[in-house]
There are 2 protein chains.
Amino acid sequence: MVTNSKQTQILDIAEAIVRSRGYNAFSYSDIASEIGVSKASLHHHFPTKSDLGLKLVERFTDMFSGALQQVDEQHSSCLIKLREYARLHEGSLQENKMCLCGMLAAEHETLSQSMQDAINGYFDGHEHWIKRVLLKGRSDGELAFKGDAGRHAKLIASSLQGALMIAKSKRSMDHITAVSSQLIDSYRAI
Amino acid sequence: MVTNSKQTQILDIAEAIVRSRGYNAFSYSDIASEIGVSKASLHHHFPTKSDLGLKLVERFTDMFSGALQQVDEQHSSCLIKLREYARLHEGSLQENKMCLCGMLAAEHETLSQSMQDAINGYFDGHEHWIKRVLLKGRSDGELAFKGDAGRHAKLIASSLQGALMIAKSKRSMDHITAVSSQLIDSYRAI
DNA sequence: GTCTATAGGTGGATAGAC
DNA sequence: GTCTATCCACCTATAGAC
């Protein structure tokens, strides 16, 4: 895939704004003034705001999938995989940004059906990945937890999304690192 | 405090809209059409949107404090207190609504300073309450967890906020109940 | 692909009559 | 306290020239 530089530039700026202020608080005008083109030009690349929003979600989902694949390739330890998963969220807050899909989940009811579906798909993918890591880690004796792995996966994904939201609101790296490291500690065997 | 019925009515409707669609996706016009008054009348009661928003947060914080106080009075078991805390969040989703302050935390950067401060105060209060319950529960031998109670309090508050957000997005009571009950299981002694 | 111009709508907020 | 009328800024989106 060749990265059309103009579209990429638009998506980059749009993503940054949405992740810090939300979908309903951003406009084509914000992007236009930031990259120095007219609003009409933006409509040439993304006819409607919903088109742009959907691309944002798809690109973010792909990006995160790639990151998780890299984690899978670079680490065999499931404890470390889990820690890397948490760190991906911590990194988000260093730029004072939420997870794109976490932000959009809050605004879910105001979005187009296609965006809603894509967002839910994002979370399903996360739960699936975490569940797989948990099961493998437990059978390896590296992770310890009681009960259904799927429920734990939901808990882990939810914790990090909630932690990001609260930490961003408090502008507190301390909050996200506390939650992140406490979470890992809770699943470490021994 | 006598409840001025008109202001209460306005706040009730505003809260319902914000908790389902968010602060930036709601307008005086939405409230006006729902209760059958003009926008100008609303401005008489709440001069600016930010005034209205601040009252919403203050009222919600008071309401939740009252609920927690009731939990403290009605239950001596810290395990049950914790479960009741989680249930307060589950109840929210039954009307397909987020926690007011969770929703506003996502939109935090777009809000007035006074609203931002009030929202952060809400979360501080929660962490404080949970931490106290955790410490008492552990010393009673009813709850079990390793490490700092403050970090666990942050984890618990974050989990439920995140679970609400994802569950609402998926319209899945299953998601919030899974997280809620898994969370309680994790802190139960034995 | 980019622009100017503009349409058509809605946002929060105010003036002033009743 | 409530209304109508109105202001002005901003929104998403389109038309049509270059």
Side-chain angles (χ1 to χ4, degrees), chain A residues 1-18 20-57 103-104 106-116, chain B residues 1-57 103-104 106-116 118:
Chain A
M1 182 192 66
V2 180
T3 56
N4 179 316
S5 112
K6 200 76 201 182
Q7 298 208 2
T8 303
Q9 193 183 5
I10 294 169
L11 289 170
D12 286 345
I13 290 170
E15 183 183 310
I17 301 176
V18 173
S20 73
R21 303 166 40 85
Y23 184 82
N24 290 318
F26 110 96
S27 71
Y28 274 42
S29 173
D30 294 328
I31 308 176
S33 67
E34 191 134 352
I35 67 180
V37 293
S38 68
K39 290 188 290 172
S41 291
L42 300 178
H43 281 284
H44 170 76
H45 296 287
F46 302 96
T48 70
K49 194 181 176 184
S50 169
D51 291 328
L52 174 53
L54 182 58
K55 283 275 179 251
L56 280 180
V57 177
M103 180 65 87
L104 294 176
E107 301 176 292
H108 200 258
E109 273 187 32
T110 69
L111 306 176
S112 69
Q113 187 64 51
S114 53
M115 284 185 72
Q116 292 187 2
Chain B
M1 182 192 66
V2 180
T3 55
N4 180 316
S5 110
K6 200 76 200 183
Q7 297 209 3
T8 303
Q9 192 184 5
I10 294 170
L11 289 169
D12 286 345
I13 289 170
E15 184 184 308
I17 302 176
V18 173
R19 288 175 67 184
S20 74
R21 303 165 40 87
Y23 184 82
N24 291 318
F26 108 96
S27 71
Y28 273 44
S29 174
D30 294 329
I31 308 176
S33 67
E34 190 134 352
I35 66 180
V37 294
S38 67
K39 288 193 294 172
S41 290
L42 300 177
H43 281 284
H44 170 76
H45 296 286
F46 302 97
T48 71
K49 194 181 177 184
S50 169
D51 292 328
L52 172 54
L54 182 58
K55 282 276 178 250
L56 280 180
V57 177
M103 180 65 87
L104 294 176
E107 302 176 293
H108 200 258
E109 272 185 34
T110 68
L111 307 176
S112 68
Q113 187 63 50
S114 54
M115 283 186 73
Q116 292 187 1

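Every chain is numbered from 1, with letters handed out A, B, ... down the list of sequences.
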Review item, nucleotides 16-18 of chain C N/O atoms under 3.5 Å of protein N/O:
none

Per [X] side chain, nearest of listed nucleotides [options]:
| X | options | value |
| --- | --- | --- |
| B/His43 | C/dG1, D/dA13, C/dT14 | C/dT14 |
| A/Lys6 | C/dA13, C/dT2, D/dG1 | C/dT2 |
| B/Lys49 | C/dC3, C/dG12, D/dT2 | C/dG12 |

- [ ] Mind running side-chain contact (heavy atoms from CB on, under 4.5 Å) on B/Leu52 and B/Phe26 for me, showing each step along the way?
- [x] CA-CA 12 Å; B/Leu52 172 54; B/Phe26 108 96; 4.0 Å; yes
Over how many whole Å does the gap from [X] atom [atom1] to [N] atom [atom2] extend?
| X | N | atom1 | atom2 | answer |
| --- | --- | --- | --- | --- |
| B/Ile31 | D/dT2 | CD1 | C1' | 16 Å |
| B/Leu42 | C/dA13 | CG | C1' | 12 Å |
| A/Ile10 | C/dG1 | CD1 | C1' | 10 Å |
| B/Gln7 | D/dG1 | CD | P | 8 Å |
| A/His44 | D/dA15 | NE2 | C1' | 15 Å |
| B/Lys39 | C/dG11 | NZ | P | 7 Å |

Using a 3.5 Å distance criterion without hydrogens, assess whether the side chain of [X] forms a donor-acceptor pair with backbone atoms of [Y].
| X | Y | value |
| --- | --- | --- |
| B/Glu107 | B/Asn24 | yes |
| A/Tyr28 | A/Ser38 | no |
| B/Gln116 | B/His108 | yes |

TODO: Please check the phosphate of C/dC3 (OP1 and OP2 only) for any side-chain N or O of A/Ser38 closer than 4.0 Å.
DONE: yes
TODO: Work out which heavy atom in A/Asp30 is nearest to a heavy atom in A/Ala25; give both atom names and the distance.
DONE: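 In this case the closest contact between A/Asp30 and A/Ala25 is OD2-O, 3.9 Å.
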TODO: Considering non-hydrogen atoms only, spot the tightest contact between B/Met103 and B/Val18 and give its length.
DONE: CG-O, 3.3 Å
- [ ] Evaluate whether atom NZ of B/Lys49 has more than 12 neighbouring non-hydrogen atoms of other residues, nucleotides or ligands under 6.0 angstrom away.
- [x]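 Buried by this count: over 12 neighbours within 6.0 Å.
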Task: Set of side-chain hydrogen bond (donor to acceptor under 3.5 Å, both in side chains) partners for A/Ser20, sequence neighbours left out - done: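 Residues passing side-chain hydrogen bond (donor to acceptor under 3.5 Å, both in side chains) with A/Ser20: none at all.
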Open item on the list: What residues from residues 19-30 of chain B pass a heavy-atom cutoff of under 4.0 Å to DNA chain D?
Closed with: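 Under 4.0 Å from DNA chain D: no residue of residues 19-30 of chain B.
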TODO: Would you check if there is a donor-acceptor pair between the side chains of A/Ser112 and A/Ser114 at a distance under 3.5 Å?
DONE: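 Yes, side-chain donor-acceptor contact under 3.5 Å.
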